[in-house]
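In this text, all values refer to a predicted model and were calculated from it rather than measured experimentally. We count residues from 1, following the sequence as given.
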Amino acid sequence: MTEVSSLTGRLLVATPALADPNFDRAVVLLLDHDDEGSLGVVLNRPTPVTVGDILAPWAGLAGEPGVVFQGGPVSLDAALGVAVIPGDEGPLGWRRVHGAIGLVDLETPPELLGPALGSLRIFAGYAGWGPGQLETELDEGAWYVVESEPGDVSSPQPEALWRQVLRRQRGELAMIATYPDDPSLN
């Protein structure tokens, strides 16, 4: 097997050519990427379900808009917490993924993590790829790979994140942010 260069902590931004409706204009934060596969969460798919409806103890710590996000098409009945915690040391119940971004153990009492949290998002489900599957999609041009910023996790306007992430890139990627939703209407 060939060695896989880890993309953990980076963003996958769906290209306009990506045909899968699960990932139309999606921005995926990769939480894990190695030769055994990849796992991430879609950052820009808010649902109408509030965090208080399913995880009441965490509701007060969740950032605006305070709803559960659809993290991807896999295991929609499972919840993942992703939080930004500034500083070098994270509290018990939080595992660093990349920089200040990490995973929250939702079994940990929220009061233990609350004082340290910079922001928190709750995701139902995740996006997953088997060994080599993501690399194939990258080779086919389905995704742009870009650096993440801690603010991506807690964007107060998640529906605008696809354009915002592309706009901050250099060169041609910044131009793609202006790509129309429906090119046939152009």
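Val97 and Val84 fall within a single hydrophobic cluster, where Ile, Leu, Val, Met, Phe, Trp and Tyr are joined by side-chain heavy atoms under 4.5 Å apart, directly or via other members. Note on Leu117: it does not cluster hydrophobically with Leu80, by side-chain heavy-atom contacts below 4.5 Å among ILVMFWY residues.
Between Leu12 and Leu138 the shortest side-chain heavy-atom distance falls below 4.5 Å. Under the 4.5 Å side-chain criterion, counting only non-hydrogen atoms from C-beta, Asp139 is not in contact with Thr136. Looking at heavy atoms from C-beta onward, Gln70 lies in side-chain contact with Leu76 at the 4.5 angstrom threshold. By the 4.5 Å heavy-atom criterion applied to side chains, Glu159 and Arg25 are not counted as neighbours. Looking at Tyr179 and Leu166, their side chains never come closer than 4.5 Å, going by heavy atoms from C-beta outward. Proximity of Thr8 to Leu30: side-chain heavy atoms (C-beta onward) are nowhere separated by under 4.5 Å. Two residues are said to be in side-chain contact when any heavy atoms from C-beta on lie closer than 4.5 Å; Asp77 and Ser75 meet this criterion. Contact of the Thr108 side chain with the Leu92 side chain is not registered, since no non-hydrogen atoms from C-beta on lie closer than 4.5 Å.
Pairs of residues two or more places apart, or lying in two chains, that qualify as ring pair (Phe, Tyr, Trp, His ring centres under 6.0 Å) and include a residue from residues 112-143 are Phe23-Trp143, Phe69-Phe123. Applying the ring pair (Phe, Tyr, Trp, His ring centres under 6.0 Å) test to pairs two or more places apart or on separate chains, none has a residue in residues 93-114.
Leu43 CG to Arg121 CZ: the interatomic distance, rounded to the nearest 0.5 Å, is 8.0 Å. Here the CG-CG distance, from Leu29 to Asp152, works out to 8.0 Å after rounding to the nearest 0.5 Å.
When Leu61, Leu120, Val82 are each tested for a side-chain contact (heavy atoms from CB on, under 4.5 Å) with Val104, only one passes: Leu120.
Checking side-chain atoms of Asn44 against main-chain N and O of Val27 turns up a donor-acceptor pair under 3.5 Å.
For Trp162, there are no side chain to side chain donor-acceptor pair (under 3.5 Å) partners two or more places apart in sequence or in a different chain.
The number of heavy atoms from other shown groups lying within 6.0 Å of CD (Glu111) is above 12.
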